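Below is one structure, written out as structure tokens; the observations come after it.
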2 protein chains.
Amino acid sequence: MPELPEIRTIAAGLDDALAGHTLSGLEVARPQCLNGTPGEMRDWILARRVVRVKPRGKWILFSLDDIAGDLVAINLGMGAEIRLPGAAEEPPDHYRVRLHTREGSGVFIRFWWLGHVHYVPGDDETHPVRLLGPDALDEGLDVDAFRGLLEGRRGGIKAFLLDQRRIAGIGNFYAHDILARAGVHPLRKIPTLGDDEIAGLHRSIREVLGESLDLGGADYERDIFGRPGRFSRESFIVGYREGTPCGLCGTTVVRIRTGSTPGDICPGCQPLPEDRT
Amino acid sequence: MPELPEIRTIAAGLDDALAGHTLSGLEVARPQCLNGTPGEMRDWILARRVVRVKPRGKWILFSLDDIAGDLVAINLGMGAEIRLPGAAEEPPDHYRVRLHTREGSGVFIRFWWLGHVHYVPGDDETHPVRLLGPDALDEGLDVDAFRGLLEGRRGGIKAFLLDQRRIAGIGNFYAHDILARAGVHPLRKIPTLGDDEIAGLHRSIREVLGESLDLGGADYERDIFGRPGRFSRESFIVGYREGTPCGLCGTTVVRIRTGSTPGDICPGCQPLPEDRT
DNA sequence: TAATCTAACAACGA
DNA sequence: CTCGTTGTTAGATT
């Protein structure tokens with residue numbers, strides 16, 4: 001479940017290693033994760049130079065030369081290993097997709113569950129990566145811009161935060177504490193949020209994701225060299241603490257269902273004026 | 001609530017009267033029913049020739065010359081008067097939209113509730129009239145084509161029949177008896193329908209709409225000269241007969257809610273194996 | 001632990 | 001009786 005901090009860490013590593021390289025090989029042990037046949041994929045992307053590798057929400061984007069906007073877009077789904085072994089190192093065993101460059105690098109990807117390697121032509125305006133909202137840590141996303149994103153929305157705040165078309169990069173793992181630090185219940189309807197709560201959410205997003213990013217991402221994920229992140233869920237105040245005291249007020253954390261995802265909340269810090277717990 | 005039979009009757013009358021005419025005037029007492037300002041509308045459509053007037057589902061389409069696919073699209077919403085008074089006749093009083101032609105004809109439209117007069121450029125691929133399914137009485141819509149439309153659909157059959165993007169021209173008024181004649185409960189899920197039931201629905205659509213069309217449409221609607229149709233709801237076997245015996249089997253007709261629309265059914269003819277009445 | 005896309009459906013607005 | 005948008009849920013994805 002790599003989210004923005006992990007994706008940024010991985011993409012930065014890939015950019016360091018691959019920017020300027022030319023793709024020379026693609027091997028696929030699981031064709032369903034592509035959006036074309038392996039043969040089509042090779043026609044589309046091989047012999048092309050990787051201009052840059054950049055993170056975008058939960059996606060890793062390789063920009064290709066020759067045609068503006070052409071991308072290789074990687075989504076790690078609900079968890080994946082993505083490795084770039086050093087020259088002296090043994091390549092991993094059970095890859096699902098392997099990408100080689102003429103310069104001798106190899107990217108090995110093993111999806112745990114539901115991941116994709118897509119080719120996105122520059123003129124494809126409908127691919128999910130074209131519909132992403134602003135990155136949750138985008139420099140330009142100040143509190144006013146964030147308030148603007150919420151404008152006119154009527155649904156629950158957690159569904160909004162997880163909707164990649166609204167704001168990109170937040171998944172369930174970090175959502176718990178983003179909401180808890182702001183003292184906002186996940187089921188609060190957006191129009192009921194006060195300016196202070198909106199500012200609190202904006203600050204929480206930057207704090208929670210920023211702290212993890214500074215530590216190289218969550219400790220259950222690894223960078224492209226296999227090194228784990230140093231952000232531990234121990235630092236959460238409610239996330240994955242069901243049945244234990246809230247890190248802020250001591251009230252016992254409870255797990256509720258919010259839409260399709262489970263969510264841990266502190267009933268003390270995150271009251272729901274409207275109705276249920 | 002004009003549906004396919006009434007729309008075909010009206011469109012045929014307008015085509016007889018206006019095909020070849022050139023639009024010369026547009027007056028609007030209710031600008032909200034346009035998809036542009038009255039001034040824009042005039043720029044778009046005046047001085048242009050009406051090539052043909054054709055029915056399409058519940059829409060009346062004026063094809064304009066000069067640019068292929070350019071249309072004036074009229075939707076009568078939940079009921080409207082649309083009149084083309086004879087030369088000697090007094091024009092109606094309370095129009096909402098009035099359209100004149102250089103040749104001296106005038107079309108007067110009074111929307112009762114939620115109707116539209118839209119300009120649809122030929123390159124607009126997203127306007128509702130571009131997304132319509134095949135006309136319910138389309139010559140080419142044989143039983144195999146109809147079965148093809150149902151393929152892959154999982155929802156209730158009535159929601160399908162009323163969805164203009166699937167099949168165009170059926171509204172709630174005729175839907176009751178289309179379902180009843182085929183002995184199909186409105187909430188039946190499409191994948192549970194047998195081949196015989198699909199064939200029955202196909203036949204019912206043609207019978208019910210065809211009978212009304214042959215009679216000039218429903219008797220509560222009028223043609224462009226103000227003459228009422230001759231199709232009476234008295235001939236329905238279940239539609240608008242709540243509390244009275246089904247015209248086929250004598251079981252008392254009941255009104256149920258099916259999704260967002262009310263629907264009369266015969267519990268005898270239209271059992272629902274799955275669950276509720 | 002965790003993601004995204006589609007279809008169907010309800011609620012609301014116009 | 002209309003049509004459209006939004007939000008919500010359920011199902012599927014290999």
Side-chain angles (χ1 to χ4, degrees), chain A residues 1-3 6 29-35 57-59 75-80 96 111-116 118 126-129 131-132 152-156 158-160 162-166 170-176 187 189-190 218-221 233 236 239-240 242 255 257-262 264, chain B residues 1-3 6 30 32-33 35 57-59 73 75-80 111-116 118 126-129 131-132 152-156 158-160 162-166 170-176 187 189-190 218 220-221 239-240 257-263:
Chain A
M1 51 183 154
E3 305 181 18
E6 295 78 38
R30 189 194 313 213
Q32 306 93 323
C33 67
L34 307 179
N35 63 344
K58 301 183 194 174
W59 293 78
N75 183 297
L76 267 20
M78 297 172 99
R96 295 294 186 279
F111 297 113
W112 292 116
W113 192 244
L114 305 171
H116 304 282
H118 283 179
T126 65
H127 189 278
V129 300
L131 307 177
L132 293 171
R153 300 287 129 200
R154 322 186 307 248
K158 183 172 176 187
F160 174 92
L162 295 182
D163 186 340
Q164 304 301 305
R165 290 165 308 188
R166 304 298 166 201
I170 304 174
N172 206 34
F173 181 72
Y174 294 109
H176 303 109
L187 293 175
K189 299 297 181 196
I190 290 168
D219 56 11
Y220 56 85
E221 296 285 347
R233 65 183 73 182
F236 281 147
Y240 308 97
E242 183 186 7
R255 167 154 297 199
R257 274 193 66 86
T258 59
S260 53
T261 59
D264 295 322
Chain B
M1 48 184 156
E3 304 181 18
E6 297 77 38
R30 203 206 222 147
Q32 308 93 318
C33 65
N35 63 344
K58 302 183 193 174
W59 293 79
N75 183 296
L76 267 21
M78 298 175 90
F111 297 113
W112 292 114
W113 191 244
L114 306 170
H116 304 282
H118 283 178
T126 65
H127 189 278
V129 300
L131 306 177
L132 294 171
R153 300 286 131 201
R154 321 186 309 248
K158 183 171 177 186
F160 174 91
L162 295 181
D163 186 342
Q164 304 299 305
R165 290 165 306 183
R166 304 298 167 201
I170 304 174
N172 206 34
F173 182 71
Y174 294 110
H176 303 109
L187 294 176
K189 298 297 179 196
I190 290 169
Y220 58 85
E221 296 283 349
Y240 306 98
R257 275 192 66 87
T258 58
S260 52
T261 59

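Note that this is a predicted model, so its numbers are computed, not measured. The sequence lines fix the lettering, A, B, ..., with proteins before strands; numbering per chain opens at 1.
Residues meeting the side chain to side chain donor-acceptor pair (under 3.5 Å) test with H116(B), sequence neighbours left out: none. Residues satisfying the side chain to side chain donor-acceptor pair (under 3.5 Å) test with R165(B), not counting sequence neighbours, are D163(B). By the side chain to side chain donor-acceptor pair (under 3.5 Å) test, N75(A) pairs with no residue at all, sequence neighbours left out. Taking L162(B) as the reference, K158(B), I170(B), N172(B), A175(B), T261(B) meet the side chain to side chain contact (heavy atoms under 4.5 Å, CB included) condition, with sequence neighbours excluded.
Note on G79(B): nothing from the nucleic acid sits closer than 4.0 angstrom, heavy atoms only. At a threshold of 4.0 angstrom between heavy atoms, the contacts of Q164(A) are confined to the sugar-phosphate backbone, with no base atom among them. Using a 4.0 Å heavy-atom criterion, one finds that R30(A) contacts the bases of the nucleic acid, with or without backbone contacts as well. Contacts of P262(A) with the nucleic acid, taken as non-hydrogen atoms under 4.0 Å apart, involve only primed sugar atoms and P, OP1 or OP2. G115(B) comes within 4.0 angstrom of nothing in the nucleic acid, heavy atoms only.
The aromatic rings of H118(B) and W59(B) sit tilted, their planes meeting at an angle between 30° and 60°.
Considering only the side chain of A159(B), dC9(C) comes nearest among dA3(C), dC9(C), dT2(D). Among the nucleotides dT4(C), dT1(C), dT8(D), the one closest to the side chain of W59(A) is dT4(C).
A cation-pi arrangement is absent between R153(B) and F160(B), since the terminal nitrogen or guanidinium carbon is not both under 6.0 Å from the aromatic centre and inside a 45° cone about the axis.
Counting all heavy atoms, side chain and backbone alike, R233(A) lies closest to Y220(A) at NH2-CD2, 3.5 Å. Annotation for G115(A) and C33(A): closest pair O-CB, 3.2 Å, computed over non-hydrogen atoms.
One can place CZ of R257(A) at 10 Å from C1' of dT9(D), the figure rounded to the nearest angstrom. Atom NZ in K189(A) sits roughly 9 Å away from atom C1' in dT8(D) (whole-Å rounding). Between the P atom of dT1(C) and the NE2 atom of H176(A) lies a distance of 10 Å, rounded to the nearest Å. If you take CZ of F111(A) and P of dT4(C), they are 13 Å apart, rounded to a whole angstrom. dA8(C) atom P lies 8 Å from atom CG of D163(B), rounded to whole Å. In this structure, K158(B) atom NZ and dA10(C) atom C1' are separated by 16 Å, rounded to whole Å. A straight line from CE of M78(A) to C1' of dC5(C) spans 13 Å, rounded to a whole angstrom. Across the protein-nucleic acid pair, K58(B) atom NZ and dC3(D) atom C1' stand 9 Å apart, rounded to whole Å.
Projected onto DNA chain C by closest heavy-atom contact, R166(B) and I170(A) fall at different nucleotides, the more 5' of which corresponds to I170(A). Heavy-atom nearest nucleotides on DNA chain C were determined for P128(A) and for W112(A), and the one closer to the 5' end corresponds to W112(A).
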Applying the Watson-Crick and G-U criteria (both distances under 3.5 angstrom) with [ ] for crossing and | for other-strand pairs, one obtains for DNA chain D .||||||||||||.
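Atom name P, nucleotides dT1(C) and dT14(D): the rounded distance is 22 Å, in whole Å. dT13(D) and dA2(C) have their P atoms separated by 22 Å, given to the nearest Å.
A donor-acceptor pair under 3.5 Å is formed between the side chain of E3(A) and the backbone N or O of F173(A). Remark: side-chain polar atoms of R255(A) are not paired, donor with acceptor, to backbone N or O of R257(A) under 3.5 angstrom.
Side-chain N/O atoms of Y240(A) include one lying less than 4.0 angstrom from OP1 or OP2 on dA2(C). Residue N172(A) places no side-chain N or O under 4.0 Å from the OP1 or OP2 atom of dA3(C).
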Would you tabulate the nitrogen or oxygen pairs shorter than 3.5 Å linking the protein to nucleotides 12-14 of chain C?
none

Take H176(A) and F236(A) through the test side chain to side chain contact (heavy atoms under 4.5 Å, CB included) and record every step on the way to the result.
CA-CA 8 Å; H176(A) 303 109; F236(A) 281 147; 5.6 Å; no
